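What follows is a single structure, written as structure tokens, with notes after it.
A, B, ... follow the sequence lines: proteins, then strands. Residue 1 opens every chain. These numbers come from a predicted model, not from an experiment.
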2 protein chains.
Amino acid sequence: MARPKTPLLSAERIADGAIELADRTGDVQMTQLARHLGVAPSSLYSHVSGRAEVIDLARLRMLERMEPLGPAHDWREAVADLLRRLTTLYATHRRILPLLAATAMTCDRSLAVYEPMFAALIDGGFRRDQLRLVVAMVEFQAFGLAQGLPAPAMSDHIRETLPAYTASVDHSRYDLATATEFSVAMVIGGLEAIRTHPGGP
Amino acid sequence: MARPKTPLLSAERIADGAIELADRTGDVQMTQLARHLGVAPSSLYSHVSGRAEVIDLARLRMLERMEPLGPAHDWREAVADLLRRLTTLYATHRRILPLLAATAMTCDRSLAVYEPMFAALIDGGFRRDQLRLVVAMVEFQAFGLAQGLPAPAMSDHIRETLPAYTASVDHSRYDLATATEFSVAMVIGGLEAIRTHPGGP
């Protein structure tokens, strides 16, 4: 009996196909995904419940490809590691970001990737009610850094009328690596300030 | 002679229509925009060059509706004001955010809105090469805050296996106002730390 020409369909293969499709087109629709994988749409539904689950599985595959966050000796190290790794991951898959942002993270295994981070923040003395806020701020920075900023506008008129903006552009060193390290320093410095003022937000 | 039933088309009316359309549908295409405004597509092109200009004009209208950033006495005040105002503005128009992120800001009048912020940062002692980075970090936070985070997942299995994440959810006070003030404190504390270490990133 001949071996099948394509590997058997699995949740992993569907998720990988969704990442490829999003990287290429910026969207994941079930019909297009089935065509991309060379299967009938009905075959997809024997593995996943629909589009939201596919996107959640794609996030899991991405997070599991990231270098794992081990137990951290220090919350600063945990925050810096998470911010740098998420930024690199998201920058590699920019076009899937709007889909991730719009889809709830429900998979236990995705949440487990973040567990060492929550544990490090508790060990580091952050209040329980601050934990989700800290992780949210790190996510916002990683999303923004990965998407970057468009090239700055400049013209003779801008140069004449907006001197402070012009100075910022003339001396700009905006690139992903510089911006990421600036963000790491800002987030850690800011969290340090919040942590040492227990009455803070 | 009868007066026209609809106000005359103008760049402002096109921009306002684009904001309404994006708020409702999450996209702005020229054909849909013409239909929304009750004009022929060709009429749009006598006022704007195309979709990118429409989105840039929509951003200008949004920024000009924001309470203006006056000359700041202090960079901390300027950063806090910009972060709070952008967050409120973006939260009101969540669905246009991906369009703004994907479209270069080229309009002088939009850039002028940010000028007091750049000036306050220079007065506050930030290096010229740090200015765009500071504004970028504020934008990333405002974008993220406005979009928010989906409701956290929870289950018996998560409760048993992810204690630190579970603690974060059980004590979560995530809402826009709390998250915004946490972000303001983090950004200002972090920038203060960077500013007082001139060798920093």
Which of the residues [options] is involved in the greatest number of heavy-atom pairs with chain B at under 4.5 angstrom?
options	result
A:Ala164, A:Gly189, A:Gly190	A:Ala164
A:Ile188, A:Ile158, A:Leu111	A:Leu111
A:Ser183, A:Ala101, A:Cys107	A:Ser183
A:Ser172, A:Ala119, A:Pro116, A:Ala104	A:Ser172
A:Phe126, A:Phe118, A:Tyr174	A:Phe118

Between [atom1] on residue [X] and [atom2] on residue [Y], distance to nearest 0.5 Å:
X	Y	atom1	atom2	answer
B:Thr106	A:Met154	OG1	CE	13.0 Å
A:Thr178	B:Asp129	OG1	CG	9.0 Å
B:Phe182	A:Leu133	CZ	CG	5.0 Å
A:Leu131	B:His171	CG	NE2	9.0 Å
B:Thr161	A:Asp108	OG1	CG	6.0 Å
A:Met117	B:Ser168	CE	OG	10.5 Å

Atom CZ of B:Arg128 with >12 non-hydrogen neighbours under 6.0 angstrom:
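It does not: B:Arg128 CZ has 12 such atoms or fewer within range.
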Check whether more than 12 heavy atoms from other residues, nucleotides or ligands sit under 6.0 Å from atom CG of B:Asp156, and answer yes or no.
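No, the 6.0 Å shell around CG holds no more than 12 heavy atoms from other groups.
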Using non-hydrogen atoms only, which part of [X] is less than 4.5 Å away from chain B: side chain, backbone, both, or neither?
X	result
A:Pro152	both
A:Val184	neither
A:Ala193	side chain
A:Leu162	both

Given a strict heavy-atom distance threshold of 4.5 Å, which part of [X] is in contact with chain A: side chain, backbone, both, or neither?
X	answer
B:Leu191	both
B:Tyr165	both
B:Pro163	both

Are there residues of residues 137-148 of chain B that reach to under 4.5 Å of chain A by heavy atoms, and which ones?
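Checking residues 137-148 of chain B against chain A gives B:Met137, B:Phe140, B:Gln141, B:Gly144, B:Leu145.
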Given A:Arg127 and B:Arg173, is the side-chain contact (heavy atoms from CB on, under 4.5 Å) satisfied, shown in steps?
CA-CA 11 Å; A:Arg127 297 199 318 257; B:Arg173 319 183 285 184; 3.5 Å; yes
Residue pair A:Pro150 / B:Arg132: nearest heavy atoms and the distance that separates them
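The answer is O-NH2, 3.4 Å.
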